[in-house]
Amino acid sequence: MAKKNVYFFGGGKADGNESMKNLLGGKGANLAEMAGHPDLHLPVPPGFTITTEVCTYYYKNGQKYPAGLKEEVAKALKKVEALMGKKFGDPGDPLLVSVRSGARKSMPGMMETVLNVGLTAKTIPGMIRQSGGNGRFVYDAYRRLITMYSDVVMEKGGGIEPKEDMGIRRQLERIMHDIKKKKGVALDVELTVDDLKTLCNAYKAKIKEVLGKEFPDDAMAQLWGGIGAVFASWNGKRAIAYRRIEGIPDEWGTAVNVQTMVFGNMGDDSATGVAFTRNPGNGDDHFYGEYLVNAQGEDVVAGIRTPAPINTVSQSDHNKDLKTLEGAMSGVYKELYGIQKRLERHYRDMQDIEFTIEKGRLFMLQCRVGKRNGPAAVKMALDMVKEKLISKEEAVLRVTPEQLDELLHPIIDPAEEKKNKPVGKGLPAGPGAAAGRIVFTSADAMRWAKESKQVILVREETNPEDIDGMRAAAAILTARGGMTSHAALVARGWGKCCVVGCSAIEIDLGARTLRIGEAAVKEGDWVTLNGTKGLVYAGQLAMMDAAAENQDLNDFLKICDSIRALKIRTNADTPDDARKARGFGAEGIGLFRTEHMFYGKGSAQPLFLLRKMIMSSSVEERRRALEELFPFMKKDMKGTLEAMDGLPVTIRLLDPPLHEFVPHQKEQREQLAASLNISLEELEKRANLLQESNPMMGHRGVRLGVTYPEVSETQFRAILEAAAELIKDGKKVYPEIMIPVVGEVKELEDQLVIAKRVYAEVLKKSGLKKIDHMFGTMIEIPRAALVADKIAEVASFFSFGTNDLTQMTFGYSRDDIGGFLQDYLEKGILPDDPFQSIDIEGVGELITMGITRGRKTNKNLKVGICGEHGGDPRSIAFCYKAGMNYVSCSPFRVPIARLAAARAVLADRPAKKKTRKK
Ligand code: ADP
Ligand code: MG
Ligand code: MG
């Protein structure tokens with residue numbers, strides 16, 4: 001049998017179901033599920049879905065349809081006609097359909113839909129008769145068809161690229177605008193049937209003039225035109241740009257849904273709306289949505305009229321005077337409320353639904369898992385576990401690391417926010433806060449962002465063409481649109497700070513200026529947004545971090561902790577960072593860099609002493625300098641060991657090449673010379689001797705300890721004495737001493753001899769019987785991974801230093817990769833920046849080999865990672881699979897790592913599902 005290309009749904013039956021998203025697209029699969037699943041049988045207008053495979057075929061075969069498609073479509077259409085008792089293209093009682101796109105994943109507003117297909121000179125009179133003489137409605141539907149068809153099918157589908165603001169849709173909208181102005185009306189619902197007839201004729205003339213073709217007056221031609229245009233829209237510019245950003249493969253293709261039209265524009269007992277089964281902005285368990293009376297399709301999201309709230313919990317400042325659906329049509333509202341409850345139970349997740357009410361009758365047009373921002377994702381996941389709707393494992397899979405990141409985003413410092421009065425208020429469409437310089441176009445946003453300027457994109461309302469600029473901006477602010485407008489939808493998906501529908505805004509695009517209430521602002525001026533409350537402030541307000549007090553966040557992370565196997569440590573160099581990281585849940589320090597004490601606050605004296613040590617030319621000189629340095633080192637170690645209270649602290653010995661510390665200013669050099677009792681010339685001579693032509697591969701790390709054993713010795717002593725003193729104070733400590741830049745076991749053995757001697761001396765001096773500690777190494781040189789079996793005989797732990805390991809495996813200098821990385825990414829030579837996400841194929845292979853070989857000779861070998869990658873979710877998943885014991889990342893990434901580590905476990909074993917509740 002030939003492959004099935006068309007799947008029917010309607011009348012309580014469906015060929016497909018929800019599990020067939022790949023084939024039917026998200027929209028088609030869910031339409032089938034809503035129509036056909038015995039638990040649902042919802043009122044879905046009948047129709048059929050042409051599969052994504054047809055789209056793939058179409059592009060593979062020079063834009064031709066597979067054989068037999070026409071016949072299959074005709075057969076499915078017959079079935080729809082039989083159910084509806086109407087015929088497509090019939091003058092007596094015509095069936096109208098919509099042609100809707102629908103890929104696997106929703107791509108909001110990226111692809112195309114045409115409504116009211118089948119209206120022609122032949123069918124219009126019949127349509128008017130069937131609607132009880134409602135000519136106004138029929139011509140309203142007709143002008144919408146002409147607009148959508150000319151835009152989607154004739155222009156975009158025809159590959160025509162109009163000049164800025166000269167697209168056919170814009171041109172038709174201008175005609176509409178002129179007619180409204182001439183008639184002195186503000187809204188399109190105020191136009192009469194004769195106005196609409198005039199409008200349709202003017203539209204058709206304009207189309208002929210601009211596009212050089214007639215608008216087709218044949219139902220079948222319209223249908224196939226629509227189908228072709230949906231397929232064409234898959235390769236439209238906007239859709240391609242969106243796929244790049246979202247990482248959606250080109251091969252997926254889109255499905256086409258052809259569906260019986262129902263009409264929300266038949267009068268005041270008709271309406272159309274969109275809703276969420278829970279609030280997607282904060283996760284509250286309230287049915288939440290907007291609707292418009294006497295409207296069709298995109299009117300709700302287009303921002304032409306202000307949509308009304310469906311119920312009182314959906315009210316905002318912005319729409320509180322409008323009548324709720326609950327108040328206006330209580331019976332239909334009740335039915336809708338019941339349906340959304342059933343849908344959420346059925347799908348066991350928050351649903352985003354589209355509905356239309358035709359003369360008091362409710363129809364369901366779409367449902368899908370609703371996008372939500374981070375705070376809402378966490379709250380819903382927690383609530384649904386409490387409601388026993390989902391399992392803990394599923395809850396963990398419901399929150400992405402990116403969403404969790406939003407909860408860790410800065411908010412405006414509350415004290416600062418209290419002092420300032422907002423200049424405008426809109427709807428809270430994207431969480432957190434952001435400050436930036438305002439720009440007015442997507443292109444400007446991209447240009448400024450390229451220059452590393454933080455910008456806020458301000459638009460009347462956004463549309464899919466703004467997508468790149470929205471991405472580049474730190475936040476988005478619009479004058480119009482509701483919580484389901486394009487800007488809100490996109491920002492929510494990305495977790496970007498966003499305020500929409502700020503009606504106090506007046507934009508003068510030409511002058512690049514803006515009025516917000518009283519305030520006048522121009523391009524480049526600073527504005528601060530509170531996306532959680534929908535507030536706009538003039539100027540740049542101070543930000544702060546909100547994560548610590550968030551109970552939901554902590555509860556959710558506890559669930560993650562109950563699932564993950566990897567320990568999460570942090571990279572911290574100061575007691576302060578250590579405490580912060582423990583607050584975020586860190587279970588140890590994976591990297592404490594000794595050299596940190598020579599940078600920043602309070603570093604002047606230790607740095608001076610270090611320099612003295614570096615400039616010493618004899619062992620005696622060096623020992624003297626080290627003795628002076630010793631108390632500083634010990635104090636530094638003590639602070640952090642104490643802050644971690646018995647949790648392991650991996651302390652890395654001095655790593656960077658010494659000449660990095662040599663002062664450049666003459667004055668400092670003179671001071672140094674004086675303290676060493678040598679001349680400036682002598683000092684400069686010694687400094688020059690330290691110069692290396694390739695310092696990153698030069699005299700650094702363990703190599704320093706081999707050449708200057710006293711340097712290592714002092715550090716060992718500082719660590720162990722710090723530990724001893726704390727133990728004697730009744731504190732718990734666990735230092736792990738780590739030697740960097742090792743490539744050969746003998747290097748490590750050389751150092752271990754010193755460490756053992758110092759340990760014995762410290763025990764003797766302190767009178768302690770033992771100090772729990774470990775001695776291990778960083779694996780950051782490819783050779784170390786290769787000879788890991790030998791190294792593991794000496795080392796008790798490995799910590800993969802993936803920054804250097806990546807650098808040396810690829811031979812890319814970390815500091816210079818910027819010069820060519822972009823080209824490598826654009827040409828697809830590298831999939832990602834290997835310094836951000838582990839190169840699993842190459843560097844990952846070395847890691848796996850290192851772990852396997854190391855554990856062969858030392859089965860208790862503890863293994864972790866301390867490079868940048870330790871905070872990257874994809875890399876964390878890899879580390880788990882590779883068999884590491886822990887990952888270590890910066891304090892702020894610790895919560896994300898906790899989640900990523902739990903998800904890594906679940907990626908390996910399928911989550912237990914709660915059984916479906918009826
Ligand atoms: P998108 O994928 O951009 O959301 P849709 O295919 O969902 O596009 O169509 C947009 C809107 O058009 C829907 O929300 C719905 O209001 C309207 N629509 C689509 N098909 C029909 C139909 N058969 N009857 C009535 N309205 C429809
Ligand atoms: Mg839709
Ligand atoms: Mg290193």
Side-chain angles (χ1 to χ4, degrees), residues 9-10 24-31 34-35 42-50 77 80 83-84 86 88 95-119 137 140-141 144-145 147-149 151-152 156 223 226-227 229-230 233-234 236 238-239 242 254-266 270-276 289-302 304 307 336 351-359 361-371 463-464 484-486 488-490 493:
F9 58 84
L24 303 180
K27 200 179 286 166
N30 284 328
L31 282 169
M34 284 198 289
L42 301 185
V44 175
F48 54 87
T49 304
I50 305 174
L77 191 59
V80 176
L83 264 178
M84 297 304 296
K86 296 168 187 278
F88 188 65
L95 174 78
L96 301 192
V97 297
S98 63
V99 179
R100 316 172 66 186
S101 59
R104 276 192 218 184
K105 266 203 192 164
S106 96
M107 299 169 58
M110 283 302 129
M111 289 184 305
E112 310 293 355
T113 291
V114 186
L115 304 180
N116 309 326
V117 170
L119 273 180
F137 147 67
D140 182 56
R144 290 172 191 271
L145 168 66
T147 309
M148 284 184 261
Y149 196 92
D151 172 31
V152 172
K156 292 203 181 92
L223 177 61
I227 293 171
V230 169
S233 73
W234 178 254
R238 290 179 299 162
Y242 188 85
T254 180
V256 181
N257 301 288
V258 176
Q259 188 176 25
T260 303
M261 280 304 302
V262 289
F263 301 101
N265 55 337
M266 274 196 152
S270 302
T272 182
V274 293
F276 300 89
E290 296 173 328
Y291 81 109
L292 269 179
V293 166
N294 199 7
Q296 198 179 34
E298 305 284 81
D299 291 2
V300 179
V301 282
I304 298 163
L336 180 64
Q351 297 295 300
D352 168 348
I353 62 186
E354 295 177 2
F355 62 91
T356 283
I357 299 161
E358 177 182 315
K359 290 186 159 298
R361 241 181 105 189
L362 175 66
F363 293 94
M364 301 304 296
L365 288 173
Q366 191 171 336
C367 80
R368 62 182 166 213
V369 170
K371 292 207 170 155
N463 64 50
T484 48
S485 65
H486 178 261
L489 235 53
V490 171

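Atoms within a ligand are numbered from 1 in the order they appear, just like the ligands themselves.
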**Asked** For ligand 1, which atoms, with element, lie under 4.0 Å from some heavy atom of T272?
**Response** 16 (O)
**Prompt:** Under 3.5 Å, is there a donor-acceptor pair linking the side chains of N30 and Q351?
**Reply:** no
**Item:** K27: partners by side chain to side chain donor-acceptor pair (under 3.5 Å), with sequence neighbours left out
**Value:** none
**Fill in**
Listing protein N, O or S under 2.8 Å around the Mg ion (ligand 2) gives E354 OE1, E354 OE2, Q366 OE1
**Message:** Check this for me - ligand 1, R368, N or O atoms closer than 3.5 angstrom, yes or no?
**Reply:** no
**Asked** Is D151 close to K156 at the side-chain level, that is, under 4.5 Å between some pair of heavy atoms?
**Response** yes
**Item:** Geometric N/O contact R100 with ligand 1, under 3.5 angstrom
**Value:** yes
**Request:** For the residue pair L31 and R100, establish whether any side-chain heavy-atom pair is separated by less than 4.5 Å.
**Result:** yes
**Message:** Would V262 count as being in polar contact with ligand 1, using the rule that some N or O on each side must be under 3.5 angstrom apart?
**Reply:** yes
**Asked** Taking heavy atoms and a distance under 4.0 Å, where does E354 meet ligand 1: side chain, backbone, both or neither?
**Response** side chain
**Fill in**
Nearest heavy-atom contact between L145 and N116 is CD2-O, 3.3 Å
**Request:** Go through the structure and list residues passing side chain to side chain donor-acceptor pair (under 3.5 Å) with N294, not counting sequence neighbours.
**Result:** none
**Message:** I'd like to know if K27 contacts ligand 1, where contact means a heavy-atom distance under 4.0 Å to any ligand atom.
**Reply:** yes
**Request:** With heavy atoms of Q366 as the reference, note each atom of ligand 1 found under 4.0 Å away.
**Result:** 4 (O), 7 (O)
**Message:** Could you tell me if the side chain of F88 sits less than 4.5 Å from the side chain of V117, heavy atoms only?
**Reply:** yes
**Message:** If I compare all heavy atoms of L24 with all of A255, which pair ends up nearest, and what's the gap?
**Reply:** O-CB, 3.3 Å
**Message:** Under 3.5 Å between any N/O of T260 and any N/O of ligand 1: does that happen in this structure?
**Reply:** yes
**Request:** Could you tell me which residues satisfy side chain to side chain donor-acceptor pair (under 3.5 Å) with D140, sequence neighbours excluded, listed by chain and number?
**Result:** R143, R144, N265
**Prompt:** Looking at I357, L362, T356, which hits side-chain contact (heavy atoms from CB on, under 4.5 Å) with V262?
**Reply:** T356
